[in-house]
Amino acid sequence: MKTNFIPVDYDYFDFNGKNYAKIIGRDSSGKRVCVIDSCPVFLWAILEQGFPAEKIKKLVQEIGKIQLDLKGRQTKVEKVEVLDKNFLGQKVKALKIYATNYKDLHDIADRLALPGIEKRRGYDLGYTTHYIMEKKMIPLTWYEIEGEMLHNSNEFGGIDSSLDVDFCIKVKSFKPIEGGGNVGGNLVPLNFKPKVLVYDIECDEIKLGEGEILMISLVSDNFKKVLTWKKSDSAPDFVECLKDEAEMLEKFIEYVKKISPDFLVGYYSDGFDLPYIKARAELHKVKLALGLDGSQPRLTTGFDSSAKIKGITHIDLLRFIRTAFSQYMESETLSLDEVSREFLGDQKKKFEFRHSSKIKDHSEWNSYFEYCLHDSVLTLKLFEKFWQDLKEFSKITREPPYTLSRNGMSSNVEAFIVNNLERFNEIPEKRATYDEIAERRKLRAYEGAFVLEPVPGLYEDIAMFDFTSSYGSTIVTYNLSKSTLLESPEKNAYHIEVDGKEVYFSKKQGFFPEIFKEMIEKRKKYKQELKAKPDNVKKARSNSYKLLANAAYGYQGFFGARYYCREAAAATAAFARKTIIEVIEKINKSDYKVIYSDTDSIAFSRKGKTELEVLSLLKKLNSELPGIMELELEDFFTRGLWVTTRAGTIGAKKKYAMISKDDKIRIRGFETVRRDWCQLARRVQDYVLRQILKDGNEKKALEYVKEIIQKVKKREIQKNEIVIRTQLKKPISEYKAISPHVIAAKKMEERKIPVTMGSLIEYYIAEVQKGKKTKLVREKVKLLDEKGEYNIEYYLDRQIIPAVENIFQVFGIDIKQIISGKKQQTLGEF
DNA sequence: GTGCGTGCCCTACC
DNA sequence: ACCGGTAGGGCACGCAC
């Protein structure tokens, strides 16, 4: 039989000692399909150079005899081939050693410590990755599958009857049909609209499993439910009331089974909702049979706990947003509330939490139900917002959505590389061992980006250039990678000084730079197409390539990477520094004045020059840049402000504010954008910066600051404006320095408010009793609900004045003197 | 006792 | 441990005077 099929969730199983891929997806009519396939299982043994042919023959025979009987499994070497391959760009002879079971490859590799074998590779990819590499069944891509339907057959131990799918098919062959699929004899474009079910729980205790789950909300297309066992007489229709917590859990399982989603989605559900549900289910002896095969979710614990459900892709949306989007977001935390505000213009429902034993009132319960339901509604909307990105990213890297959505960027880069190796006939490099990682981490940091020290001042008519994919283009231009690094100097090679030593890279294109060259080209192509005719798919594609290209540099410097190469990472930074410094000099020589530069951007004064002249300068600079290096115009700005550091006279780096010619304000590094300053100081500074950029002088801004200071002195400031928020980056006990936020965290712990690594600690600085000696800020720390009055001196001297004083200093105004009422030196006013 | 350099810590920039 | 280095700046600590 034939069917259309789109793979979503990848798994595998053993049958009679062999591995089989078990892939769950849909056909074009929306039926749930399980596809069973297999692929050859093998690892590589790279031979020593010049290992004689007759010895190879003997080695092959010897290896062919390897048999293992481990873990109740019999595995043997099935076949050995001698092949010409590449490893790190070098031509090698390698043995392709086929074995019975993927799980035994490690043990077989251990038996290959034989003369003539230099390296063993390809046994540490995991079966799913191995399968996708071999058979190229790319996630979320349409295929036409030909195979044998399993009808209550005994094949594979009766797998088809144990799986809750519409049908199960054993693959003979398949081919991609991205252009469209055969439906009733016609070629039609195939769409995949995944079935998504979102869930969210509410409980009294935050600690996993320690309280009762009061309710579970479930939201899907045209489906909204809150399951609870708390009685509420006038509950809205969406509330379904069960007898007790156990029955509620049973009902939850029932609905998941009934709806049978492709994606079961939560927000922080890896770390909270699913582990909590599992703990409560265990307590009540409810079998949490959510998997399509009736299995329970598999939880991995630890720092990055994750929760896998067989056949249903469980997505913790928080994790995908964190890796793929957080660096481009405005939100200061990744809370559902804040992220929803940024992407949906919606927010969580207001609800004042109390312990459920104190909630008697029906309307309060109903608000609670509404609150819980809305969390799932928001999460569903967010999933829909990010679905195209998840899909395109998954297709491009060939990493299944379950893994992709949890990976850090380096893992996704690595998946992309590994899945592209075959085109280069490359044997995959192994994962670093624990010891290797430890060694790499000990190495001291290499020199990074160039940052130009600005001269403080208010500038007018500014242009800004930046390099497109600066580091990515540098890697490509100078062929920087592990496989192109030369052990000894060569004449015709790229070279640059790193740590006082010259490093050399071959000019013969390596696979790593080649892969990134294609990536940058595709990114460019999709960006142009997107600009010409925008749609979500192009946007997602363009964004995926952008993320990957930007991560290439970090990847090579990341100690856990298969293709880690400190020299390449250091050389990338060095070449990028050299390039930008040369461009800065050229701009200065062309009768412009460079004001500031950081890594890949250059801001300069274009006073007396037209925009057209600037563009022709850009063209000239580009014509002189090496390789694929390219500068583009970021924007024209009417004004820009640079200040000194707090310490005094030198210009502060990474701190500036500009207003573009179409009045868009860009503020970088200032306290305004730092979440560890109180709202009041941030708001005042933001106003001051904006006013100065708009007016070109400080007069209105100064008046405003004076007003605010009066308000502070009169205690007219609201409490929410003086809260200081700082994240706890490690367990409280590990802090050597006891700073204010650590004190606040300790106070919270005393009150049994859960504080863990990553918690955002909120506190304010209060007045202390008269006569009490207090030097340290931490002695004045109070939690928000602690009674007390804010410390006027602290908020003036340590928050507001520091936030604005070096801005006014640019105009020759000493704000401290003005405030204290002493002699005024307002040079700027004359 | 005060002042200042230093290290820890957090969060920004790119 | 889950991409890199560069940088500003608050706070506590400890030494010098």
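We name chains A, B, ... by the order of the sequence lines, and we start the count at 1 in each one.
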So, A:Tyr564 versus A:Tyr555, ring centres under 6.0 angstrom or not? no

Hey, could you give me each pair passing ring-ring contact (aromatic ring centres under 6.0 Å, His included) that has a residue in residues 722-745 of chain A? Not counting sequence neighbours. A:Tyr735-A:His741

Pull out every residue in residues 319-326 of chain A that has a heavy atom closer than 4.0 Å to any atom of DNA chain B, ordered by number, or say none. none

Residues in side-chain contact (heavy atoms from CB on, under 4.5 Å) with A:Arg690, at least two apart? A:Ile665, A:Asp686

Compare the minimum distances between each of C:dG4, C:dC11, C:dG8 and the side chain of A:Ala652, then state the nucleotide with the smallest one. C:dG8

Non-neighbouring partners of A:Asp337 that pass salt bridge (charged side-chain N to carboxylate O under 4.0 Å, His left out), sequence neighbours left out: A:Arg341

Can a salt bridge be assigned to the pair A:Asp435 and A:Arg440 using a cut-off of 4.0 Å between side-chain N and carboxylate O? no

Please set out all donor-acceptor pairs under 3.5 angstrom arising from side-chain atoms of residues 800-811 of chain A, sequence neighbours excluded.
unit_1   : atom_1 : unit_2   : atom_2 : d
A:Asn806 : ND2    : A:Thr644 : O      : 3.1

A:Tyr656 near the nucleic acid: base, sugar-phosphate alone, or nothing, with a heavy-atom cut-off under 4.0 Å? sugar-phosphate

Taking CD1 from A:Ile650 and C1' from C:dG9, how many angstroms apart are they, rounded to a whole number? 13 Å

With a 4.0 Å cut-off on heavy atoms, is A:Tyr794 in touch with a base, just the backbone sugar-phosphate, or nothing at all? sugar-phosphate

Less than 6.0 angstrom separating the ring centers of A:Phe272 and A:Tyr267, yes or no? no

Hey, could you give me the CG/CG distance between A:Asp270 and A:Leu318, rounded to the nearest 0.5 Å? 9.0 Å

Could you check whether A:Gln327 gets within reach of a base, just the sugar-phosphate, or nothing at all, counting any heavy atom under 4.0 Å? base

Are A:Asn407 and A:Thr323 packed together at the side-chain level, in the sense that at least one heavy-atom pair is separated by less than 4.5 angstrom? no

C:dC11 phosphate, OP1 or OP2: any side-chain N/O from A:Arg798 under 4.0 angstrom? yes

Applying salt bridge (charged side-chain N to carboxylate O under 4.0 Å, His left out), can you list everything that pairs with A:Arg322, at least two apart in sequence or on another chain? none

Where along residues 445-452 of chain A does a heavy atom fall under 4.0 Å from DNA chain C? A:Ala445, A:Tyr446, A:Glu447, A:Gly448, A:Ala449, A:Val451

Within this structure, what is the CD-to-P distance between A:Glu414 and C:dG4, rounded to whole angstrom? 13 Å

Could you tell me the separation between the CZ atom of A:Arg682 and the P atom of C:dG10, rounded to a whole number of Å? 15 Å

Base, sugar-phosphate alone, or nothing: which one does A:Gly669 contact when heavy atoms must sit under 4.0 Å apart? sugar-phosphate

Residues at least two apart in sequence or cross-chain that pass salt bridge (charged side-chain N to carboxylate O under 4.0 Å, His left out) with A:Asp676, listed by chain then number, are A:Arg674

In dot-bracket notation, what is the pairing pattern of DNA chain C, taking Watson-Crick (N1-N3 plus N6-O4 or O6-N4) and G-U wobble (N1-O2 and O6-N3) contacts under 3.5 Å, with [ ] crossing and | for other strands? ...||||||||||||||

Residue-phosphate contact under 4.0 Å: A:Arg646 side-chain N/O, C:dC11 OP1/OP2: no

Do any side-chain nitrogens or oxygens of A:Thr599 fall under 4.0 Å of OP1 or OP2 in B:dC14? no

Strictly under 3.5 Å: I want the nitrogen or oxygen pairs between protein and nucleotides 7-11 of chain B, one per line.
unit_1 : atom_1 : unit_2   : atom_2 : d
B:dC9  : OP1    : A:Lys730 : NZ     : 3.1
B:dC9  : OP1    : A:Lys736 : N      : 3.0
B:dC9  : OP2    : A:Lys730 : NZ     : 2.9
B:dC10 : OP1    : A:Lys729 : N      : 3.4
B:dC10 : OP1    : A:Tyr735 : OH     : 2.2
B:dC10 : OP1    : A:His741 : NE2    : 3.1
B:dC10 : O2     : A:Arg674 : NH2    : 3.4
B:dT11 : OP1    : A:Arg675 : NE     : 3.1
B:dT11 : OP1    : A:Arg675 : NH2    : 3.1
B:dT11 : OP1    : A:Gln727 : N      : 2.9
B:dT11 : OP2    : A:Arg675 : NH2    : 3.4
B:dT11 : OP2    : A:Gln727 : OE1    : 3.4
B:dT11 : O4'    : A:Arg674 : NH2    : 3.0
B:dT11 : O2     : A:Arg674 : NH1    : 3.2

Select base, sugar-phosphate, or nothing to describe what A:Ile437 touches, counting heavy atoms under 4.0 Å on all strands. nothing

Let me know the distance between OH of A:Tyr555 and P of C:dA1, rounded to the nearest Å. 18 Å

Apply salt bridge (charged side-chain N to carboxylate O under 4.0 Å, His left out) to A:Arg562 and list each qualifying residue two or more places apart in sequence or on a separate chain. A:Asp124, A:Glu414

Which nucleotide in C:dG8, C:dC11, B:dC13 has an atom nearest any side-chain atom of A:Lys654: B:dC13

Report the nucleotide, chosen from C:dA12, C:dG10, B:dC14, that has the shortest atom-to-atom distance to any side-chain atom of A:Arg668. B:dC14

Quick check: A:Phe637 with A:Tyr459 (ring centres under 6.0 Å apart)? no

Taking NZ from A:Lys780 and P from C:dG10, how many angstroms apart are they, rounded to a whole number? 15 Å

Under 3.5 Å side-chain donor-acceptor pair for A:Thr333 and A:Glu338: yes

DNA chain C: 5'-proximal contact among A:Gly560 and A:Arg444 (nearest heavy atom): A:Gly560

For A:Asp797 and C:dC11, give me the distance from atom CG to atom P, rounded to whole Å. 11 Å

Within this structure, what is the CD-to-P distance between A:Glu805 and C:dG10, rounded to whole angstrom? 9 Å

Please state how far atom CD in A:Glu671 lies from atom C1' in C:dA7, giving the value in whole angstrom units. 13 Å

Can I get a per-line list of side-chain donor-acceptor pairs under 3.5 Å for residues 577-584 of chain A, giving both atom names and the distance, sequence neighbours left out?
unit_1   : atom_1 : unit_2   : atom_2 : d
A:Arg577 : NE     : A:Glu447 : OE2    : 3.4
A:Arg577 : NH1    : A:Glu447 : O      : 3.1
A:Arg577 : NH1    : A:Gly448 : O      : 2.7
A:Thr579 : OG1    : A:Phe575 : O      : 2.7

